[in-house]
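So the structure is just underneath, and the comments pick up after that.
The first residue of the sequence shown is numbered 1, and numbering continues consecutively from there.
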Amino acid sequence: MSLETRTVRRIAKLARIGLSDQECEAMRQELSGILGWVEQLNEVDITDVPPMIGTGLAIPRLREDVVTDGDKRDAVLANAPDSVGPYFTVPKVVE
């Protein structure tokens with residue numbers, strides 16, 4: 001499938017991308033190549049291929065919501081370059 005320059009300009013406008021004439025032609029060729037690959041996928045015979053499970057059919061594994069690695073404030077603050085009490089200190093960025 002080949003795209004027209006007019007179609008590429010419309011896509012660029014919708015994406016709010018400014019393209020020069022040279023960039024538009026290069027983009028037209030790239031998009032035409034991508035659409036060519038997609039057309040090749042339509043030629044694949046998938047009659048005997050079962051559908052994959054989508055997100056709507058998958059059931060998440062649930063676990064109890066408990067803290068398993070907490071109460072290590074002092075160990076975490078020991079890695080900080082500077083701290084005051086139980087808090088991290090950072091340089092002042094707003095005057």
Side-chain angles (χ1 to χ4, degrees):
M1 177 179 189
S2 178
L3 288 177
E4 298 176 358
T5 304
R6 185 187 71 193
T7 305
V8 173
R9 289 217 178 272
R10 177 156 166 70
I11 292 169
K13 181 180 178 186
L14 291 172
R16 298 182 188 266
I17 300 172
L19 296 177
S20 67
D21 291 338
Q22 295 170 343
E23 291 172 329
C24 187
E25 178 59 26
M27 186 63 65
R28 186 189 68 75
Q29 291 175 359
E30 285 187 44
L31 289 174
S32 293
I34 292 169
L35 290 175
W37 281 103
V38 172
E39 284 180 355
Q40 286 183 10
L41 290 175
N42 288 331
E43 297 172 6
V44 176
D45 181 23
I46 58 168
T47 54
D48 295 330
V49 178
M52 295 176 60
I53 294 178
T55 57
L57 301 174
I59 299 173
R61 288 179 261 159
L62 300 177
R63 61 173 172 78
E64 190 176 337
D65 190 16
V66 296
V67 176
T68 56
D69 196 22
D71 199 26
K72 294 189 178 188
R73 180 181 62 194
D74 296 330
V76 171
L77 285 173
N79 293 321
D82 192 21
S83 63
V84 174
Y87 304 105
F88 291 103
T89 57
V90 294
K92 185 176 183 178
V93 293
V94 178
E95 298 289 332

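- Lys72 is linked by a side chain to side chain contact (heavy atoms under 4.5 Å, CB included) to Asp69, Ala75, counting only residues two or more places apart in sequence or in another chain.
- Side-chain N or O atoms of Thr89 include one that pairs as donor or acceptor with a backbone N or O of Asp82 at under 3.5 Å.
- Leu41 belongs to no multi-residue hydrophobic cluster, having no ILVMFWY side-chain contact under 4.5 Å with any other such residue.
- With sequence neighbours left out, Glu23 forms a salt bridge (charged side-chain N to carboxylate O under 4.0 Å, His left out) with no residue at all.
- Here Val38 sits alone; no ILVMFWY side chain lies under 4.5 Å from its own, so it joins no hydrophobic cluster.
- Ser83 is linked by a side-chain hydrogen bond (donor to acceptor under 3.5 Å, both in side chains) to nothing, counting only residues two or more places apart in sequence or in another chain.
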For a quick test of your reading: what N or O donor-acceptor pairs under 3.5 Å do the side chains of residues 8-17 make, sequence neighbours left out?
{"unit_1": "Arg9", "atom_1": "NH1", "unit_2": "Leu19", "atom_2": "O", "d": "3.3"}
{"unit_1": "Arg9", "atom_1": "NH2", "unit_2": "Asp21", "atom_2": "OD1", "d": "2.5"}

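- The number of heavy atoms from other shown groups lying within 6.0 Å of CD (Gln40) is above 12.
- Between the CE atom in Met27 and the OG atom in Ser32 there is a gap of 11.5 Å [rounded to 0.5 Å].
- For Glu25, the side-chain hydrogen bond (donor to acceptor under 3.5 Å, both in side chains) partners two or more places apart in sequence, or in a different chain, are Arg28, Gln29.
- Applying the side chain to side chain contact (heavy atoms under 4.5 Å, CB included) test to Glu64 and every residue at least two apart in sequence or in another chain returns Val66.
- The side-chain hydrogen bond (donor to acceptor under 3.5 Å, both in side chains) search around Asn79 returns none, not counting sequence neighbours.
- Residue-environment remark: CG (Asp71) stays at or below the threshold of 12 foreign heavy atoms within 6.0 Å.
- Take Glu43 and apply the salt bridge (charged side-chain N to carboxylate O under 4.0 Å, His left out) test, not counting sequence neighbours, and it matches no residue.
- By the side chain to side chain contact (heavy atoms under 4.5 Å, CB included) test, Arg73 is found to be paired with Leu77, Pro86, residues two or more places apart in sequence or in another chain being considered.
- Remark: Ile46 pairs with Val44, Val49 by the side chain to side chain contact (heavy atoms under 4.5 Å, CB included) rule, at least two apart or across chains.
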